[in-house]
Amino acid sequence: MSYTEAKARYQALGVDTDAAIAKLKTVPVSIHCWQGDDVRGFDTDPSKPLTGGIQTTGNYPGRARTPEELMADMDLMLSLCPGRKKLNLHANYAIFDEENGGWVDRDQIGPKHFKRWVAFCKKHNMGADFNPTFFSHPKCDPLTLSSPDEETRRFWIEHGKASIRISTYLAEELGEPCVMNIWTGDGYKDIPADRLGPRQRYRDAIDQILSEPYDFNLVKPCIESKVFGIGVEAYTVGSSEFALSYAAMNRDKCIPLMDNGHYHPTEVVSDKIPALLAFFPEIALHITRPIRWDSDHVVLLDDETREICKEIVRCGGLEGSVKIALDYFDASINRIAAWTVGVRNLQKALLMALVTPNESLKQLQDEGDFTALLVKQEELKTLPFGEIWAEYCRVCGVPQDGEWLDTVRDYERTVLSHRA
Ligand code: RNT
Ligand code: ZN
């Protein structure tokens with residue numbers, strides 16, 4: 001079947017596939033830099049374990065160890081992925097060199113440490129998002145913003161404020177708003193004696209961070225919640241109710257962020273998207289794949305990813321109200337392939353959602369014709385979507401399915417395998 005034939009099949013259902021393709025090309029998807037190096041960054045000793053309840057597992061050779069290596073790996077990954085991209089940076093990816101005065105601690109970082117990332121984004125014509133890094137650092141005691149130790153807490157508040165200044169710089173340089181996500185792994189392994197104190201300190205710390213001046217049109221601070229992490233199983237300071245309440249009470253300053261690995265296993269973020277959009281003009285997402293816990297496996301074209309994308313599309317999220325980002329890290333397979341397949345899967349899920357006859361399905365629901373709704377939704381699953389996807393890849397000038405893995409393999413042979 002050709003694209004023209006496939007297009008006609010969709011047209012019969014009232015779907016304009018050309019318009020869907022044109023739309024998806026304009027939608028920014030934020031790609032996480034941290035898949036390339038197992039969330040290590042460049043500001044701490046890489047032999048130390050990750051902290052904050054997150055883990056990368058696997059020891060696949062070829063991890064990027066320097067900014068140059070990470071950027072080169074990203075050049076390749078970006079060339080294999082269709083659509084409009086943004087780069088999602090973490091503060092621990094600050095680049096220190098002689099020119100900018102060398103290493104400083106996280107409370108001292110500034111725009112100059114991200115100058116080379118700005119150049120990288122400009123080269124790829126993309127905006128950037130930012131994350132202060134409240135984990136994998138000697139000053140996690142293990143708490144950060146919720147620590148009872150005032151000196152520790154002060155250090156991390158200063159880090160948050162520095163991150164706002166960097167986010168402003170990124171937004172101004174790149175001409176696109178910067179989503180700045182606050183997530184801490186603060187919590188306890190075992191039953192705490194005080195659950196309120198840490199949350200009050202966390203709340204106050206975020207207040208202090210957000211007292212750093214910024215233009216809310218340029219910088220979009222988010223609060224990301226979490227249910228638990230490895231080593232912090234009993235109690236998470238930034239729980240769902242905490243994060244959502246903070247965002248609800250500070251709607252003029254920040255937005256909520258949902259990571260679909262951060263809920264109890266039978267909860268789904270797809271359903272939470274419209275629930276939040278009934279109240280918040282803007283929300284942010286981290287799209288990942290949890291297996292039994294927040295395992296951050298590579299994003300698949302699975303039911304929940306598709307359902308999340310359907311909700312984004314149906315709720316008008318592509319007009320800017322839903323900030324889409326990926327967040328996963330797999331160190332057990334070729335990291336560039338992991339990146340690429342996850343990004344392409346998300347693009348596929350978005351395109352599938354865009355070529356769904358959402359208006360007529362909604363009408364069936366409103367008319368109460370649940371029989372037709374069920375039948376039609378099931379029949380959509382076998383439409384010739386592959387041809388629409390192939391056309392999208394053609395239009396975007398990226399390789400087709402089946403064509404890109406060899407390129408990654410060549411790069412593995414010629415570049416990655418030489419990283420001892
Ligand atoms: C961790 C959170 C957080 C991190 C990144 C690296 O559970 O999902 O978003 O994955 O900040
Ligand atoms: Zn996340």
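Counting convention: from 1, in listed order, for ligands and their atoms alike. Values in this document were obtained by computation on a predicted structure and should not be read as measured data.
Side-chain atoms of T288 and D327 include no donor-acceptor pair closer than 3.5 Å. For the residue pair T356/N358, the side-chain donor-acceptor check at 3.5 Å is not satisfied. In the model, S295 has a side-chain atom that pairs as donor or acceptor with a side-chain atom of H297 under 3.5 Å. When only modelled atom types and interatomic distance are considered, Q208 and D204 share a side-chain donor-acceptor pair under 3.5 Å.
Contacts of H32 with ligand 1, taken as heavy-atom pairs under 4.0 Å, are absent altogether. Proximity of D294 to ligand 1, defined as any heavy-atom pair under 4.0 Å, is confined to the side chain (atoms from C-beta onward).
In this structure, F96 has its ring center closer than 6.0 angstrom to the ring center of H113. Under the 6.0 Å cut-off for aromatic ring centres, W183 and H90 do not qualify, their centroids lying 6.0 Å or more apart.
Between F114 and F130, the two ring planes are perpendicular [angle over 60°; tilted spans 30° to 60°]. Ring planes of Y392 and W389: tilted class, angle from 30 to 60°. Taking the six-membered ring for Trp and thresholds of 30 and 60 degrees, F228 and W293 have ring planes inclined between 30 and 60 degrees apart.
Of the possible donor and acceptor atoms, none in the side chain of R289 sits under 3.5 Å from a partner among the backbone N and O of Y328. Checking side-chain atoms of N334 against main-chain N and O of R409 turns up no donor-acceptor pair under 3.5 Å.
Every atom of ligand 1 with a heavy atom of K226 under 4.0 Å away is listed here by number and element: 1 (C), 7 (O). Ligand 1 places these atoms under 4.0 Å from at least one heavy atom of D259: 8 (O). Atoms of ligand 1 lying under 4.0 Å from at least one heavy atom of H262, given by number and element, are 1 (C), 2 (C), 7 (O), 8 (O). Listed by atom number, the atoms of ligand 1 under 4.0 Å from I54 heavy atoms are 1 (C), 7 (O). Listed by atom number, the atoms of ligand 1 under 4.0 Å from H286 heavy atoms are 9 (O).
Annotation: atom 10 (O) of ligand 1 to nearest protein heavy atom, D327 OD2, 2.8 Å. Counting protein heavy atoms only, atom 6 (C) of ligand 1 is closest to H90 NE2, 3.4 Å. Shortest contact from atom 9 (O) of ligand 1 to any protein heavy atom: E224 OE1, 2.7 Å.
The name of the N, O or S atom in H286 nearest to the Zn ion (ligand 2) is ND1. For E224, the N/O/S atom at the shortest distance from the Zn ion (ligand 2) is named OE2. The atom of D259 nearest to the Zn ion (ligand 2) is OD2, with the search restricted to N, O or S atoms. Shortest distance from the Zn ion (ligand 2) to D327 is reached at OD2 (N/O/S atoms only).
Considering both main-chain and side-chain atoms, D296 never comes within under 3.5 Å of ligand 1 through any nitrogen or oxygen pair. Taking distance alone, with nitrogen or oxygen atoms compared against 3.5 Å, W34 stays at or beyond that limit from ligand 1.
In summary, H262 places no N/O/S atom under 2.8 Å from the Zn ion (ligand 2), failing the contact criterion.
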